[in-house]
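Accompanying notes for the structure given below.
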Number of protein chains: 2
Amino acid sequence: MAIAKSPALPSLATTKGGRGSLATQVRDQLRTRILTHEWNEGKKIPSEFDLAGQYHVSRVTIRTALKALEAQGLLDIRHGSGAYVANFGTSIRAGLQELRSITDTIREMGFEPGMTHRVVKRRGATADEALRLQIAEGEPVLYMERAILADDEVVAYSYDAVAIRDLPEKSIGEMGKGSVFGAFAKLGIFPVRALAEIHAISSMDIGWGKGRPKSGLYLLLKQLHFLRDGVPVMASDTYFVEGRFQFIIHRTL
Amino acid sequence: MAIAKSPALPSLATTKGGRGSLATQVRDQLRTRILTHEWNEGKKIPSEFDLAGQYHVSRVTIRTALKALEAQGLLDIRHGSGAYVANFGTSIRAGLQELRSITDTIREMGFEPGMTHRVVKRRGATADEALRLQIAEGEPVLYMERAILADDEVVAYSYDAVAIRDLPEKSIGEMGKGSVFGAFAKLGIFPVRALAEIHAISSMDIGWGKGRPKSGLYLLLKQLHFLRDGVPVMASDTYFVEGRFQFIIHRTL
DNA sequence: TCGATCAAGTTGTAGGACAACTATTGACTT
DNA sequence: AAGTCAATAGTTGTCCTACAACTTGATCGA
């Protein structure tokens, strides 16, 4: 095998300590290569052996990365044959089961994300919030009501409650401005998992402002975000205006 | 380490050729052990080394299985520490991203599944069906309209179109009776992946019969089922009556 | 009492080897 | 000439061993 080094492969973990394990980094880079159509749908990607050569890692690491991508529905690995790019239509994009901020998702879909805050305050937790966040009723939470925009059009209304616990007081102001996850990251808080419940809702009491949909039809994503150790940090009820956002789920065995 | 063989571990692949790879079999057995609460939520499961001993397989195989379970949100693997059972509330159960028949899911939730057929016929594909199933308009499809029941209560109405292609004529009758996936399995057809789109729908034209919900509020799961090689075999629009079925999604990084 | 250090345990990565499976080629038979 | 079968190279699946990187709790010392 010739050591044909790919021209523009970003090196692994050169800058800023390279978040996560080697396999994770390889997975993310391979995902990018797949999503940018470096290999056509249904076509075979290089063998594990070749990829190990390209990235200068062991076959074990490559396998771990490939298996992860298979679990996410991007690859189809066949024993004795090779790994193939899963072929759906052209849509695919980011599935719902991948945890990322709404803002990022909107941006990735090619729109300009925006946000307007109607309420940002600190108050005691309601009974429901206390139950979900595993805190006592009345314990302080950061409560927000926001409208989420894509290209200046409202796509969702979100009602969020963040458990304060040992959050520094000054950081609360941060939350009221940009992305919540951005503010989390600055504090070293990284939600790694969310449990979401989905409902269809018809109500005139959800949206506000002039962008409010007349139909009152929403897809409710009732989420609870967890830290690595299972501690819940944020409960958010996000009402997506039906039709303005495409929700996709990959289902695999 | 003592070779303390667990008393009731089903042996791997003793009967009927043992479907799938070793790692897949181990994954399924471990999943069962997790879902039956053999280990409490948040607690550590045995080390990879121990598990390898229990199942008489290599650590690599155990790792592959554990990684798969982590991707499904059942485990949380921490470098240098161990693998922990993910702790959400008690709900969890089967997430939406796991592909399985509605019937099985209902049964697993502790209800008695049922089904009534309103329409089962062979007809030409509509434009939309042709597009989704990647066949020509007018090509024959098996079209069905079914009501899906749990404990004799309607939980969903489903409109399905199965691509006939080289389906034997006699098997079409089978479809009209029990589970569609059961009929598929008998023919050696195994959908391994589905792409689902979610919508909130408010309409009085969906349900029928006396169990029809007065609200007309549904959660629409617009699905397309694929074979391993990416060939679409069934397009189904399933309207779940809002509130009668709990939809859960695990979201991970 | 508090902090640093150490040691044991666990997951992550490496490398080599072989088994199991797939797809293609080429020879052979009819 | 066409079809069948066997050999073969290429690829993923599993095993083994070893060590690196990380976590956790115990130990020791100031």
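These numbers come from the heavy atoms of this one structure, side chains and all, not from hydrogens, waters or symmetry mates. Letters go in sequence order (proteins before strands), and every chain restarts at 1.
- B/Asp28 pairs by the side-chain hydrogen bond (donor to acceptor under 3.5 Å, both in side chains) definition with B/Arg31, not counting sequence neighbours.
- Listed by chain and residue number, nothing satisfies the side-chain hydrogen bond (donor to acceptor under 3.5 Å, both in side chains) test with A/Glu70 (two or more places apart in sequence, or in another chain).
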For nucleotides 8-10 of chain C, tabulate all protein N/O to nucleotide N/O atom pairs closer than 3.5 Å, reporting atom names and distance.
unit_1 : atom_1 : unit_2  : atom_2 : d
C/dG9  : N2     : B/Gly80 : O      : 2.6

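- Partners of A/Phe181 by ring pair (Phe, Tyr, Trp, His ring centres under 6.0 Å), not counting sequence neighbours, listed by chain and number: A/His225.
- Checked against salt bridge (Lys or Arg N to Asp or Glu O under 4.0 Å), A/Arg63 has the following partners two or more places apart in sequence or in another chain: A/Glu48.
- In terms of the side-chain hydrogen bond (donor to acceptor under 3.5 Å, both in side chains) criterion, A/Thr32 has no residue partners (sequence neighbours excluded).
- Scanning DNA chain D 5' to 3' for nucleotides with an atom closer than 4.0 angstrom to a non-hydrogen atom of chain A gives a first and last hit of D/dG10 to D/dT14.
- Distance, A/Phe49 CZ to C/dA17 C1': 13 Å, rounded to whole Å.
- Distances shorter than 4.0 Å separate none of the side-chain N or O atoms of A/Ser21 from OP1 or OP2 on C/dT11.
- Rounded to whole Å, the distance from OH on A/Tyr55 to P on C/dT13 is 15 Å.
- Remark: A/Lys67 engages no residue in a side-chain hydrogen bond (donor to acceptor under 3.5 Å, both in side chains) (not counting sequence neighbours).
- In this structure, the CZ atom of A/Arg59 is 12 Å from the C1' atom of C/dA19, given to the nearest Å.
- There is no side-chain donor-acceptor pair under 3.5 Å between A/Thr61 and A/Thr64.
- Here A/Asp160 pairs with A/Arg146 under the salt bridge (Lys or Arg N to Asp or Glu O under 4.0 Å) rule; sequence neighbours left out.
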